[in-house]
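Only one structure is covered here, and it is reproduced in the block below.
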Amino acid sequence: MNKFDEKYMSMASIWAQNSYCKRRQVGALLVKDRMIISDGYNGTPSGFENICEDENGVTKPYVLHAEANAISKIAKSGNSSDGATLYVTASPCMECAKLIIQAGIRRVVYRDEYRITDGIELLRRAGIEVEQVG
């Protein structure tokens, strides 16, 4: 862990507050060469209503995770996430782990461990450095 990890994680936590989701607000920052190159929080796709849960409080199936939003945002910008570090307030799921691997992200720092850890296991299997910070 380096001295910037806590600061970037604090910023990801603040960014999570932009989420309209009621069940869980998650924020993500992509950092490369100590520059924030992308950001994201969980929510519905562009153009959809900003309501993440259905009438029963269940998350809608089309809600994007913070990591997916940050990765798609960097792709749209034409910049590269190759070699970047991803700071995310909750450990990545399996689907986001696949995106992280394909995006060339080399390190993932997360705060809260999700109950299902298969995403973290896949990242480690792919040789990506994974670290939890308090």
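It should be emphasised that the depicted structure is a prediction, and the values quoted were computed from it without experimental measurement.
- No side-chain heavy atom of I51 sits under 4.5 Å from any side-chain heavy atom of Y20.
- Taking every heavy atom of both residues into account, A70 and S38 meet most closely at O-OG, 2.7 Å.
- Among all heavy-atom pairs drawn from Y41 and A16, the shortest one is CB-CA, 4.4 Å.
- Separating the OH atom in Y87 from the CG atom in L29 is a distance of 9.0 Å, to the nearest 0.5 Å.
- Ion pair R124/E121 not flagged as a salt bridge, since none of the NZ, NE, NH1 or NH2 atoms sits closer than 4.0 Å to an Asp/Glu carboxylate oxygen.
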Open item on the list: Walk me through whether Y8 and I36 qualify under side-chain contact (heavy atoms from CB on, under 4.5 Å).
Closed with: CA-CA 9 Å; Y8 286 128; I36 297 168; 3.9 Å; yes
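- Interatomic distance, I37 CD1 to K32 NZ, rounded to the nearest 0.5 Å: 5.5 Å.
- Under the 4.5 Å side-chain criterion, counting only non-hydrogen atoms from C-beta, N42 is not in contact with C52.
- Annotation: the span from T89 atom OG1 to R24 atom CZ amounts to 8.5 Å, rounded to 0.5 Å.
- Between V88 and V109, every side-chain heavy-atom pair lies at or beyond the 4.5 Å cut-off.
- Between atom CG of residue L86 and atom CD1 of residue I74 there is a gap of 11.5 Å, rounded to the nearest 0.5 Å.
- Taken to the nearest 0.5 Å, the CD1 atom of I14 stands 12.5 Å off from the CG atom of D39.
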- [ ] Could you check V108 against I100 for side-chain contact (heavy atoms from CB on, under 4.5 Å), going step by step and ending with a plain yes or no?
- [x] CA-CA 9 Å; V108 174; I100 290 164; 3.9 Å; yes
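- The line from SG of C93 to CG of L99 is 8.0 Å long, rounded to the nearest 0.5 Å.
- Residues T85 and R106 have side chains that never bring a donor and an acceptor to within less than 3.5 angstrom of each other.
- The pair R107-E131 counts as a salt bridge, with a side-chain nitrogen and a carboxylate oxygen less than 4.0 angstrom apart.
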Open item on the list: With side-chain contact (heavy atoms from CB on, under 4.5 Å) as the criterion, how do V58 and E53 come out once you've worked through the C-alpha distance, each side chain's angles and the decisive distance to 0.1 Å?
Closed with: CA-CA 5 Å; V58 176; E53 295 84 10; over 6 Å; no
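- Residues C96 and E67 share a closest heavy-atom pair of SG-OE1, 3.7 Å.
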Task: S91 and D112: CA distance, side-chain angles, deciding distance, side-chain contact (heavy atoms from CB on, under 4.5 Å) verdict - done: CA-CA 6 Å; S91 60; D112 303 327; over 6 Å; no
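- Hydrophobic clustering (ILVMFWY, side-chain heavy atoms < 4.5 Å, transitive): L64 and W15 are in distinct clusters.
- Taking the side chain as every heavy atom from C-beta outward, V26 and H65 never approach each other to under 4.5 Å.
- For the pair K60 and E49, the salt-bridge criterion is met [side-chain N within less than 4.0 Å of a carboxylate O].
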